[in-house]
Amino acid sequence: SQKIEQNSEALNIQEGKTATLTCNYTNYSPAYLQWYRQDPGRGPVFLLLIRENEKEKRKERLKVTFDTTLKQSLFHITASQPADSATYLCAFPRGGSYIPTFGRGTSLIVHP
Amino acid sequence: EAGVAQSPRYKIIEKRQSVAFWCNPISGHATLYWYQQILGQGPKLLIQFQNNGVVDDSQLPKDRFSAERLKGVDSTLKIQPAKLEDSAVYLCASRGSSGNTIYFGEGSWLTVV
């Protein structure tokens with residue numbers, strides 16, 4: 001069955017550094033992959049979508065890569081700030097649908 | 001543009017009681033999803049509606065969970081009878097006809113004691 005894996009351990013970094021989060025998937029070749037941000041007590045908020053034919057996507061301080069050979073997406077936040085502290089979820093559509101299947105998310109903590 | 005509205009935000013019930021959650025999606029969004037998110041896990045799809053029809057309810061525990069979207073707009077998710085393991089956040093989300101971004105509500109937090 002399709003599996004999507006994110007590091008369950010929190011990532012702690014210092015303000016100003018680049019945070020890199022990893023999403024691995026198995027038993028599937030998604031047409032695209034999405035990244036969401038979730039703050040405590042809130043619903044997930046969509047950040048970026050990257051398609052299988054795109055190697056990299058950028059939005060302000062965010063950068064996402066998609067390696068279909070490694071079956072992996074990396075999510076980078078450059079010049080990180082304490083306000084970036086949140087849980088980041090990756091998701092891909094299940095089958096040929098628009099139904100996102102989510103990983104468990106990785107908690108990012110940016111220390112001032 | 002108003003976002004996805006959900007209520008109640010918090011609910012505490014005893015096991016074997018029933019509970020209902022309400023969702024009003026973004027205006028014009030034909031697709032509505034209910035997800036369950038247990039603490040420390042990612043959201044898991046329970047059911048997807050397209051207008052007032054069910055597209056996918058394969059992961060909905062139908063012996064205790066039910067959902068409806070009678071007029072193709074707002075939706076209700078019901079749990080009866082609740083079990084301790086139903087303690088979770090119930091997230092409603094919607095998607096428009098173009099694009100593949102889904103928009104989540106703030107969630108309804110359920111604690112079953």
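Throughout, protein chains are lettered first and strands after them, A, B, ... in sequence-line order, and every chain is numbered starting at 1. When reading the values below, keep in mind they use all heavy atoms of this one structure, side chains included, and skip hydrogens, waters and symmetry mates.
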Review point. What is the minimum heavy-atom distance between B:Gly42 and A:Leu89, and which atoms define it?
Key: CA-CD2, 4.3 Å
Point to revise | Shortest non-hydrogen separation from B:Tyr33 to A:Pro100 and the atoms involved | key: CE2-CD, 4.4 Å
**Study point:** Option that, when pairs with chain A are counted at under 4.5 Å, heavy atom only, ranks first among B:Pro43, B:Gly107, B:Gly40
**Key:** B:Pro43
Taking [atom1] in [X] as the centre, count heavy atoms belonging to other residues, nucleotides or ligands within less than 6.0 Å. Is the count above 12?
X	atom1	value
A:Glu9	CD	no
B:Leu84	CG	yes
A:Gln14	CD	yes
B:Ile12	CD1	no
B:Lys11	NZ	no

Does [X] belong to the same Ile/Leu/Val/Met/Phe/Trp/Tyr cluster as [Y], with side-chain heavy atoms less than 4.5 Å apart forming each link?
X	Y	value
B:Leu77	B:Leu32	yes
A:Phe66	A:Tyr88	yes
A:Leu74	A:Leu33	no
B:Phe49	B:Val4	no
B:Tyr35	B:Val19	no

**Study point:** Residues in residues 51-67 of chain B that sit under 4.5 Å from chain A, counting heavy atoms only
**Key:** B:Asp56, B:Ser58, B:Gln59
Side chain, backbone, both or neither: which part of [X] has a non-hydrogen atom closer than 4.5 Å to chain A?
X	result
B:Gln6	neither
B:Glu106	both
B:Leu45	side chain

**Study point:** Distance in Å, B:Gln41 CD paired with A:Phe102 CZ, rounded so as to fall on 0.5 Å steps
**Key:** 14.0 Å
Review point. Taking atom CZ of B:Phe104 and atom CZ of A:Phe46, what is their separation to the nearest 0.5 Å?
Key: 11.5 Å
Point to revise | B:Leu91 side chain reached by A:Pro44 side chain, heavy atoms, under 4.5 Å | key: yes
Check your understanding: Where does A:Gln6 contact chain B at under 4.5 Å (heavy atoms): side chain, backbone, both or neither?
Key -> neither
**Study point:** chain B interface, residue from A:Gly43, A:Ser8, A:Gly103 that has the most non-hydrogen pairs under 4.5 Å
**Key:** A:Gly43
